[in-house]
Peer 1: 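Sharing a structure here in structure tokens format.
Heavy atoms only: backbone and side chains are in, while hydrogens, waters and symmetry mates are out.
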Amino acid sequence: MIKRLSGAIAVLAALSAIGGLAAIFSGGPAAQDARAAAVKSEPAPAEPKTGTVWTAPDQEAAKKRAQEVVPFVDAVMEECQLCRQMRLREAGLGIKDITNSYFLLDSSIIKKSEDLYGPVRFKHTKHAAELKDCALCHHRRPLDAKARETTRCSACHQEPFRVNQPERIGLKAAYHQQCTGCHQEMKKGPTDCLGCHRKNVPDHKELVNLPEKPEPIQVTRECLRCHKAVGDDMLKTAHWLWKGPSPYTLNRSKHVNHGKATTSINNF
Amino acid sequence: MELNRRVFLKCIGAAGAGVAGAATDSTAVHAWESRAPADPLGCLVDLNRCIGCRKCEQACQTVNKLPQPEQPFDDLTVLDKKRRPDERAYTVVNRYYPGRRDERDQLVPTFVKVQCMHCQDPACASACIVGALTKKENGAVYYDISKCIGCRYCMVACPFEIPAYEYHNPVTPRVMKCTFCYERVENEGKLPGCVGICPVEAMTFGRRSNLLKIAKKRIESDPGSYVNHVYGEHEAGGTSWLYISGVPFDRVGFIQVPHRPLTELAETIQSSLFSYLWSPIVLFGMLGGIMRAFGGKSDRDINHKGEES
Ligand code: SF4
Ligand code: SF4
């Protein structure tokens with residue numbers, strides 16, 4: 001029994017590691033926790049210990065990295081875009097200097113204000129290889145001469161609306177303005193929300209409004225209250241429309257109309 | 001007939017002169033004074049940044065516990081129609097095609113988020129006879145349901161046609177308008193719902209004086225992308241919400257409103273009328289004059305004398 005239970009937990013953990021799907025389908029507290037752990041900080045201790053679950057090493061590293069909040073860079077060097085491009089090129093900075101080829105854009109700075117979407121998976125090397133110009137995204141450097149030439153976005157862009165840096169946009173806006181702006185300009189890459197993010201499923205405990213022991217039809221109605229399109233789609237599926245004999249269904253082997261729209265019962 | 005009119009005009013004239021006298025007298029004593037907070041919080045909306053995602057509408061619905069909309073928030077076909085804020089939504093985003101084209105000759109949309117402007121000297125508040133609407137020190141024009149008597153003067157007074165009314169609610173109907181998330185901002189120290197969620201920081205939140213500086217700097221540093229106008233700097237005497245845009249404001253649904261606070265005129269007349277003990281005398285004098293004139297008319301009518309002409 002215990003073995004089975006831990007097996008189930010392992011499966012849930014695996015699912016949540018892949019995409020938080022567990023929470024969508026089971027909705028139980030265990031799944032909630034697993035999802036929260038996957039989204040939130042630190043590698044969840046329950047996950048890799050079973051030994052049987054494989055996790056992509058770069059995904060794990062990216063998760064950890066996404067949670068780091070680095071010291072804020074107050075002053076940046078002012079130089080024109082062209083000067084910076086030339087300087088980086090002359091310094092020979094390029095793909096070979098990339099230390100992280102993959103990022104999960106999942107900063108806790110952004111999570112403070114909202115949690116509507118899952119993190120974006122950003123392929124750093126791929127973007128660098130296509131653009132061949134670090135200065136397009138790394139558009140400024142810290143004023144401190146000892147600092148690295150290229151720093152991460154979240155070193156300069158953190159909380160929005162800083163009084164001392166009125167034109168320094170926050171991290172969320174920096175990502176969105178930079179990514180969407182470039183994608184639009186280059187006519188390449190997604191510019192809509194779902195092109196980059198997976199939607200987080202809101203907590204249905206708050207949303208669903210049903211009596212203690214609901215009738216089946218009440219449940220259907222409650223689902224349809226928000227998911228009307230799914231209901232409409234259902235009416236076009238074979239489940240609903242199917243017509244034909246059902247020789248193996250007890251007492252109904254002679255029935256011909258047998259889609260859910262007519263005489264079907266859940267017999268599986 | 002002619003006499004009738006003459007008598008009537010005379011009464012009006014006499015009363016009017018009295019009122020005018022009162023007004024000129026009293027302005028010397030009670031000059032209209034702005035009661036605007038010195039440096040309230042506000043929001044600068046940059047129409048060049050907004051991408052029309054409607055997330056602000058969604059956040060507003062959530063934090064203010066407004067009813068669910070008929071179409072979900074990620075359905076962008078809603079933008080095909082022009083909408084106004086109403087009793088179910090404090091803020092709406094509209095899409096305009098003001099004629100700008102991209103390099104492929106496609107029309108470029110401009111999105112405009114509409115909500116209460118949180119005027120510095122709100123006309124709605126001065127029209128409210130029970131003080132249910134007040135301008136708070138932090139910039140919000142705040143609505144207190146417990147004082148509201150449902151007269152809806154605020155709806156008539158607002159130059160931006162913002163307040164809406166819950167006509168469908170027979171028991172406790174409320175005036176509905178953007179609250180600038182007053183409690184969230186003041187007590188919880190959070191950002192207004194729409195501001196916090198906007199993915200591109202189309203809204204900048206801060207002190208109004210700073211926002212004006214930011215707005216002017218943005219226009220100045222990129223004059224090709226902005227029209228040289230901060231909507232809300234002077235409109236209706238100044239508002240806490242400010243807008244900058246790449247296209248002229250009248251092409252994207254902004255109403256031209258006077259630069260004087262709209263409360264100034266109304267309040268001057270009100271205070272002059274009621275500030276002097278003798279002003280009711282003028283009022284009743286006027287009314288009496290009218291009554292006499294009309295009373296006379298009916299007498300003559302009864303007598304069929306037709307001497308008026
Ligand atoms: S926009 Fe209208 S409702 Fe809002 S503060 Fe001004 S007058 Fe009042
Ligand atoms: S959330 Fe921001 S970008 Fe989206 S519609 Fe609202 S103001 Fe525009």
Side-chain angles (χ1 to χ4, degrees), chain A residues 78 80 105 109-117 120 157-187 190-203 206-209 222 224-230, chain B residues 39 41-44 46 48-56 58-59 62-63 65 67-76 102-104 106 108-109 184-185 189-207 209-218 220-222:
Chain A
E78 293 298 335
C80 75
L105 308 184
I109 298 173
I110 295 178
K111 284 278 148 35
K112 260 183 229 161
S113 65
E114 53 135 331
D115 199 9
L116 285 184
Y117 289 90
V120 169
H157 299 279
Q158 297 195 347
E159 310 285 350
F161 317 128
R162 294 181 165 267
V163 178
N164 296 335
Q165 289 97 354
E167 272 305 307
R168 185 88 65 86
I169 53 179
L171 183 59
K172 179 167 58 169
Y175 283 150
H176 284 115
Q177 284 193 18
Q178 185 72 20
C179 298
T180 344
C182 194
H183 288 179
Q184 259 162 2
E185 213 167 282
M186 306 252 170
K187 304 260 182 304
T191 51
D192 59 326
C193 313
L194 294 177
C196 299
H197 301 268
R198 179 177 52 78
K199 227 189 207 168
N200 282 343
V201 177
D203 186 358
E206 305 253 309
L207 299 173
V208 175
N209 184 11
E222 182 60 10
L224 287 177
R225 190 167 58 86
C226 300
H227 301 281
K228 189 172 171 297
V230 180
Chain B
D39 197 9
L41 291 168
C43 251
L44 170 66
D46 189 336
N48 282 355
R49 285 189 182 175
C50 176
I51 53 170
C53 65
R54 300 187 64 213
K55 289 286 174 294
C56 44
Q58 183 174 356
T62 315
V63 305
K65 305 198 174 54
Q68 284 281 346
E70 266 154 41
Q71 276 162 290
F73 286 110
D74 44 16
D75 182 354
L76 296 183
D102 63 9
E103 70 281 12
R104 284 190 190 172
Q106 300 287 315
V108 182
R184 254 174 91 84
V185 174
K190 289 189 190 157
L191 292 172
C194 54
V195 176
I197 209 161
C198 180
V200 291
E201 233 168 87
M203 287 158 273
T204 308
F205 179 79
R207 294 275 154 205
S209 57
N210 290 344
L211 295 179
L212 276 173
K213 270 186 230 146
I214 295 175
K216 287 185 178 156
K217 197 150 164 248
R218 259 186 230 172
E220 205 176 282
S221 57
D222 195 358

Peer 1: Within the 4.5 Å heavy-atom criterion, are Lys172(A) and Glu201(B) side-chain neighbours or not?
Peer 2: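 The answer is no; the side chains never approach within 4.5 Å.
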
Peer 1: Could you walk me through whether Lys199(A) and Asp74(B) satisfy the side chain to side chain contact (heavy atoms under 4.5 Å, CB included) test, starting with their C-alpha distance in whole Å, then the side-chain angles of each, then the deciding distance to 0.1 Å, before giving a yes or no?
Peer 2: CA-CA 11 Å; Lys199(A) 227 189 207 168; Asp74(B) 44 16; 2.3 Å; yes

Peer 1: Check whether any side-chain heavy atom of Cys193(A) lies under 4.5 Å from a side-chain heavy atom of Lys55(B), and answer yes or no.
Peer 2: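 Yes, their side chains come closer than 4.5 Å.
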
Peer 1: Is chain B contacted by the side chain of Leu116(A), its backbone, both, or neither, given a heavy-atom distance below 4.5 Å?
Peer 2: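 It is the side chain, since no backbone atom gets that close.
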
Peer 1: For Leu191(B), which atoms come within 4.5 Å of any heavy atom of chain A: side chain, backbone, both, or neither?
Peer 2: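 Answer is side chain: those atoms of Leu191(B) sit under 4.5 Å from chain A.
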
Peer 1: Got more than 12 heavy atoms from elsewhere within 6.0 Å of CD, Glu220(B)?
Peer 2: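 Counting neighbours around CD of Glu220(B), 12 or fewer heavy atoms of other residues, nucleotides or ligands fall under 6.0 Å, so no.
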
Peer 1: Relative to chain A, which segment of Arg207(B) carries a heavy atom at a distance below 4.5 Å: side chain, backbone, both, or neither?
Peer 2: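 It is neither, since no heavy atom gets under 4.5 Å.
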
Peer 1: Atom SG of Cys226(A) and atom CD of Gln68(B): how far apart are they, to the nearest 0.5 Å?
Peer 2: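 The CD atom of Gln68(B) is 6.0 Å from SG of Cys226(A), to the nearest 0.5 Å.
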
Peer 1: Quick one: CD on Glu185(A) to CD on Glu103(B), what's the gap to the nearest 0.5 Å?
Peer 2: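 Answer for the CD-CD pair, Glu185(A) versus Glu103(B), is 8.5 Å.
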
Peer 1: Is Gln184(A) close to Asp102(B) at the side-chain level, that is, under 4.5 Å between some pair of heavy atoms?
Peer 2: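 Answer no - side chains too far apart.
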
Peer 1: Which heavy atom in Phe161(A) sits nearest to a heavy atom in Thr204(B), and how many Å separate them?
Peer 2: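 For Phe161(A) and Thr204(B), the tightest heavy-atom pair comes out as CE2-CA, 3.4 Å.
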
Peer 1: Mind listing the closest non-hydrogen atom pair of Val200(B) and Ala173(A) along with its distance?
Peer 2: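 Heavy atoms only, the tightest pair is C-CB, 3.6 Å.
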
Peer 1: Please determine whether a side-chain nitrogen of the Lys or Arg among Lys228(A) and Glu70(B) lies less than 4.0 Å from a carboxylate oxygen of the Asp or Glu.
Peer 2: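 No.
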
